[in-house]
There are 2 protein chains.
Amino acid sequence: MVPDHYLKLDNQFCFPVYALSREIIQLYRKFLDELDITYPQYLVLMVLWQHDKQTVNQLGDKLLLDSGTLTPLLKRLEQKALVNRNRSKADERVVEISLTAAGAQLKENARRIPKEMFDLLGITLEEMEMLKSIAHKVLKYNAREQKG
Amino acid sequence: MVPDHYLKLDNQFCFPVYALSREIIQLYRKFLDELDITYPQYLVLMVLWQHDKQTVNQLGDKLLLDSGTLTPLLKRLEQKALVNRNRSKADERVVEISLTAAGAQLKENARRIPKEMFDLLGITLEEMEMLKSIAHKVLKYNAREQKG
DNA sequence: AGCAATTAGATTGTGCACAATTTAAATGGA
DNA sequence: TCCATTTAAATTGTGCACAATCTAATTGCT
């Protein structure tokens with residue numbers, strides 16, 4: 001019989017990750033409110049800042065989000081005049097997302113965020129790298145499972 | 001000038017945590033669908049399994065959730081006949097949440113979940129402890145900031 | 001060419017999260 | 001005792017997440 005121990009909140013491994021994720025998004029709010037964007041919108045812009053003009057699918061692959069989440073989010077970014085949404089002429093099913101001048105410009109205002117977030121978190125570089133590598137391990141492990 | 005490097009998705013510390021949190025909730029779904037509950041509902045039940053009869057505030061303190069999230073969630077648990085919601089007689093503002101027989105019984109069906117989840121994640125015990133301790137550090141650090 | 005199967009994205013519906021406001025009960029002076 | 005202040009939940013409104021379904025365009029097969 002599995003003991004009660006394993007069902008206590010304090011002994012959970014997953015709850016801290018879930019709580020940490022919400023805490024991080026909360027800390028981002030401080031910076032992102034000034035830019036009038038949300039954290040998921042910031043992630044989309046970050047992907048576009050690195051490589052402009054991507055399809056909804058390509059954004060979804062990188063952010064692990066589906067069209068049910070991205071379509072309305074991208075429409076809100078379009079309303080804020082930060083991105084353009086255009087049907088591809090080569091394949092009418094595909095929607096290409098590109099940055100507007102304002103969307104590209106926002107990158108400069110966002111530049112200071114990663115460093116300030118790191119300071120806010122109060123952890124060491126080593127801990128950060130450890131966290132990243134464990135997260136990647138789980139995500140990669142389970143991505144493999146889904147295909148096989 | 002902060003270099004572009006820091007604004008690339010691959011170099012983010014926060015995105016992996018956010019993606020990992022969603023992946024974990026996704027993996028839980030496999031088990032929780034059978035119990036017809038969601039992950040946040042499971043967390044509430046876990047708190048009640050450890051200590052029955054708590055106020056909405058007490059649940060919120062432990063799970064770091066407010067009444068805007070908990071009130072509708074608890075109403076759904078009530079509809080499933082897993083918890084009771086009763087106004088305290090000593091203080092009419094307070095709502096006390098307690099397990100029904102079915103809610104208490106569900107603990108037995110949930111008992112196997114933590115072990116199976118651990119197996120699914122594909123990480124070592126050491127990595128799990130590391131992840132927990134870093135999450136706790138950030139959460140505690142920022143809880144302190146909010147008060148000071 | 002014609003049509004089934006596939007693919008990209010949009011839509012619908014449910015359930016969190018969370019800010020901001022509201023309501024009602026309790027408390028703490030003056 | 002009276003009333004401003006505080007407190008506990010509930011409510012309202014916005015924005016994700018995500019399953020399931022739908023629509024329309026494309027591809028592949030014969």
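No experiment lies behind these values; they were computed from the predicted model shown. Here is the naming used below: chain letters follow the sequence lines, and residue numbers restart at 1 for every chain.
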For nucleotides 3-8 of chain C, list the nitrogen or oxygen atoms of the protein found under 3.5 Å from its nitrogen or oxygen atoms, one pair per line.
{"from": "C:dT7", "atom 1": "O2", "to": "A:Arg93", "atom 2": "NH1", "distance (Å)": "2.8"}
{"from": "C:dA8", "atom 1": "OP1", "to": "A:Asn57", "atom 2": "ND2", "distance (Å)": "3.3"}
{"from": "C:dA8", "atom 1": "OP2", "to": "A:Asn57", "atom 2": "ND2", "distance (Å)": "3.4"}

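When the shell of 6.0 Å around CE of A:Met130 is examined, it contains 12 or fewer heavy atoms from other residues, nucleotides or ligands.
Chain A approaches DNA chain D over the interval D:dG15 to D:dT26, counting the first and last nucleotide 5' to 3' with an atom under 4.0 Å from its heavy atoms.
At a non-hydrogen distance threshold of 4.0 Å, B:Leu73, B:Arg76 from residues 73-80 of chain B come into contact with DNA chain C. For the segment residues 63-71 of chain A, the set of residues with a heavy atom within less than 4.0 Å of an atom of DNA chain C comprises A:Ser67, A:Gly68, A:Thr71, in numerical order. Near DNA chain D, defined here as any heavy-atom distance below 4.0 Å, the residues from residues 40-54 of chain A are A:Pro40, A:Gln41, listed numerically.
Closest approach of A:Gln58 and A:Thr55 over heavy atoms only: OE1-N, 2.9 Å. Nearest approach of A:Gly122 to B:Lys137, heavy atoms of both residues: O-CE, 3.4 Å. The nearest pair of heavy atoms linking B:Ser67 to B:Pro72 is O-CD, 3.9 Å.
The backbone N or O of B:Lys89 lies less than 3.5 Å from no partner atom in the side chain of B:Glu92, so there is not a single donor-acceptor pair. Side-chain atoms of B:Trp49 do not come within 3.5 Å of backbone N or O of B:Gln105 as any donor-acceptor pair. The backbone N or O of B:Val95 sits nowhere less than 3.5 Å from a side-chain atom of B:Ser88 that would complete a donor-acceptor pair. Remark: the backbone N or O of B:Arg87 is not paired with any side-chain donor or acceptor of B:Arg93 at under 3.5 angstrom. A distance-only check finds a donor-acceptor pair linking the side chain of B:Lys80 to the backbone of B:Asp36 [under 3.5 Å].
By the 4.0 Å N-to-carboxylate-O rule, A:Arg85 lies close enough to A:Glu78 to be salt-bridged with it. Looking at A:Glu34 and A:Arg112, a side-chain N of the basic residue comes within less than 4.0 Å of a carboxylate O on the acidic one, giving a salt bridge.
Nucleic acid contact class of A:Ala90 (heavy atoms, under 4.0 Å, all strands): sugar-phosphate only.
Applying the salt bridge (Lys or Arg N to Asp or Glu O under 4.0 Å) definition to pairs two or more places apart or across chains, none involves residues 61-75 of chain B.
Outside the 6.0 Å centre-distance limit, the rings of B:Phe118 and A:Phe13 are not counted as a close aromatic pair.
Connection of A:Val94 to A:Val47 is not established within any shared hydrophobic cluster, with ILVMFWY side chains joined at heavy-atom distances below 4.5 Å, either directly or through further cluster members.
Stacking of B:Arg29 on the aromatic ring of B:Phe31 is not recorded, the 6.0 Å distance cut-off and the 45° axial limit not both being met.
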